Amino acid sequence: MRHQLTWKSSGILLLGLALSGAACSDDDDDTENTGDVPTDASELFTFLSADNYRSFAAETEVHSPNGNSPHKDVRVFVNSILEDSLKAGNSEHPVGSASVKELYEADKTTLMGWAVMVKTNAQSNGGQGWYWYEIFSTTDGSNPDFDGNGLVACIGCHATGGTDFFRTPYPLE
Ligand code: HEC
């Protein structure tokens with residue numbers, strides 16, 4: 001009898017350990033994918049071609065562009081820093097906020113490149129505080145079409161109609 005009781009209590013102890021283990025891995029999930037989108041063009045291309053952004057929060061499917069977007073058929077991903085900030089309704093997103101936009105052919109299945117924005121400064125300062133990148137290749141990262149902070153080709157449109165240069169409607173659809 002005494003022996004059985006011991007077994008029972010060690011079972012409860014093990015259950016407790018298993019539960020605290022599960023709680024730990026939940027915490028890990030929360031901190032993953034934050035501030036981790038590179039702003040060096042060649043590191044960023046490696047990051048993109050390894051599909052590292054695919055675990056980010058995303059629109060459910062590839063869709064036609066909204067409004068006056070030049071980006072063709074697209075699917076937008078946001079990292080957890082940006083997602084938390086969007087959720088909080090912030091008017092300025094924190095450093096490390098990042099969005100990756102997959103660019104598709106009109107068939108909605110052939111990936112042809114990416115557009116990326118990463119917040120590098122606490123203040124957006126007219127778009128200077130965001131790093132902008134765009135490439136129309138999925139195999140050769142040596143010649144991105146756009147790469148740098150405050151690019152005129154990007155900030156004109158992004159300054160209007162969104163929140164702190166982010167234009168996709170939130171919650172993501
Ligand atoms: C003619 C206007 C226009 C220009 C120029 C433009 N964008 Fe966009 N962009 C949009 C719109 C509108 C969206 C919203 C989603 C869509 O495409 O349907 C968007 C979405 C994005 C997104 C997804 C996050 C978000 O803001 O919604 C990224 C990343 C992005 N653009 C990067 C760029 C980069 C990099 C450049 C410059 C090379 C650029 N864009 C130039 C209009 C523009």
Side-chain angles (χ1 to χ4, degrees), residues 33-138 140-173:
N33 300 327
T34 53
D36 53 359
V37 178
T39 53
D40 168 85
S42 101
E43 284 174 29
L44 177 56
F45 187 80
T46 305
F47 173 90
L48 293 168
S49 33
D51 285 349
N52 284 343
Y53 58 92
R54 289 250 168 122
S55 58
F56 292 174
E59 294 178 312
T60 47
E61 52 190 23
V62 180
H63 62 86
S64 305
N66 298 317
N68 66 345
S69 163
H71 303 296
K72 304 202 180 171
D73 288 346
V74 297
R75 186 176 179 205
V76 171
F77 295 74
V78 299
N79 74 347
S80 62
I81 297 181
L82 180 54
E83 196 194 12
D84 288 350
S85 181
L86 289 164
K87 211 176 274 175
N90 293 338
S91 55
E92 181 129 43
H93 303 304
V95 170
S97 295
S99 177
V100 173
K101 175 182 231 181
E102 291 182 330
L103 310 172
Y104 285 87
E105 301 282 5
D107 62 6
K108 291 193 167 65
T109 49
T110 313
L111 185 65
M112 59 178 191
W114 296 275
V116 179
M117 54 195 282
V118 182
K119 186 90 183 262
T120 56
N121 298 59
Q123 257 85 51
S124 287
N125 186 22
Q128 300 298 323
W130 285 94
Y131 166 80
W132 303 90
Y133 175 94
E134 190 161 34
I135 190 160
F136 291 95
S137 171
T138 56
D140 177 6
S142 61
N143 197 15
D145 294 82
F146 297 95
D147 163 34
N149 271 65
L151 298 186
V152 174
C154 312
I155 59 182
C157 285
H158 278 263
T160 54
T163 307
D164 190 14
F165 293 84
F166 182 81
R167 297 226 24 192
T168 297
Y170 187 85
L172 300 176
E173 289 164 6

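Note that the coordinates shown come from a computational prediction; the quantities given were computed from them, not determined experimentally. Quick note: residue numbers are just sequence positions, from 1. Numbering of ligands and ligand atoms starts at 1, following listing order.
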Can you list the atoms of ligand 1 that are under 4.0 Å from a heavy atom of [X]?
X: P65; value: 18 (O)
X: A115; value: 29 (C), 32 (C)
X: Y133; value: 35 (C)
X: S99; value: 23 (C), 24 (C), 29 (C)
X: C154; value: 34 (C), 35 (C), 36 (C), 37 (C), 38 (C), 39 (C), 41 (C)

Counting only N and O atoms by type, is there a donor-acceptor contact under 3.5 Å from the side chain of [X] to the main-chain atoms of [Y]?
X: E92; Y: S124; answer: yes
X: E59; Y: V76; answer: yes
X: S64; Y: D73; answer: no

* Does a side-chain heavy-atom distance below 4.5 Å link L86 with H93? ->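 Yes, side chains in contact.
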
Check your understanding: Would you call K108 and E61 a salt bridge, taking side-chain N to carboxylate O under 4.0 Å as the test?
Key ->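 The answer is no: the pair does not qualify as a salt bridge.
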
- Message: Residue-level breakdown please: for F146 versus ligand 1, do any non-hydrogen atoms fall below 4.0 Å on the side chain, on the backbone, on both, or on neither?
- Response: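 Within the 4.0 Å criterion, F146 contacts ligand 1 through side-chain atoms alone.
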
If you measure from each non-hydrogen atom of V116 to ligand 1, which part falls under 4.0 Å: side chain, backbone, both or neither?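 Within the 4.0 Å criterion, V116 contacts ligand 1 through backbone atoms alone.
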
Check your understanding: Nearest to atom 20 (C) of ligand 1 by heavy atom, E102, K101, R167: which?
Key ->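 Nearest option to atom 20 (C) of ligand 1, by heavy atoms: K101.
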
**OP:** Please list, chain by chain and in numerical order, all residues satisfying ring pair (Phe, Tyr, Trp, His ring centres under 6.0 Å) with Y131, sequence neighbours excluded.
**Re:**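 So Y131 forms no ring pair (Phe, Tyr, Trp, His ring centres under 6.0 Å) with any residue.
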
### Query
Looking at ligand 1, does A153 have a heavy atom less than 4.0 Å from it?
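Yes, that is the case, since the closest heavy atom of the residue is under 4.0 Å from the ligand.
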
Is the ring pair F45/W114 parallel, tilted or perpendicular, if the boundaries are 30 and 60 degrees?
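Geometry flag for W114 against F45: perpendicular rings.
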
Q | Atom name of the N, O or S atom in H158 that lies nearest to atom 8 (Fe) of ligand 1 | A |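 In H158, the N, O or S atom with the shortest distance to atom 8 (Fe) of ligand 1 is NE2.
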
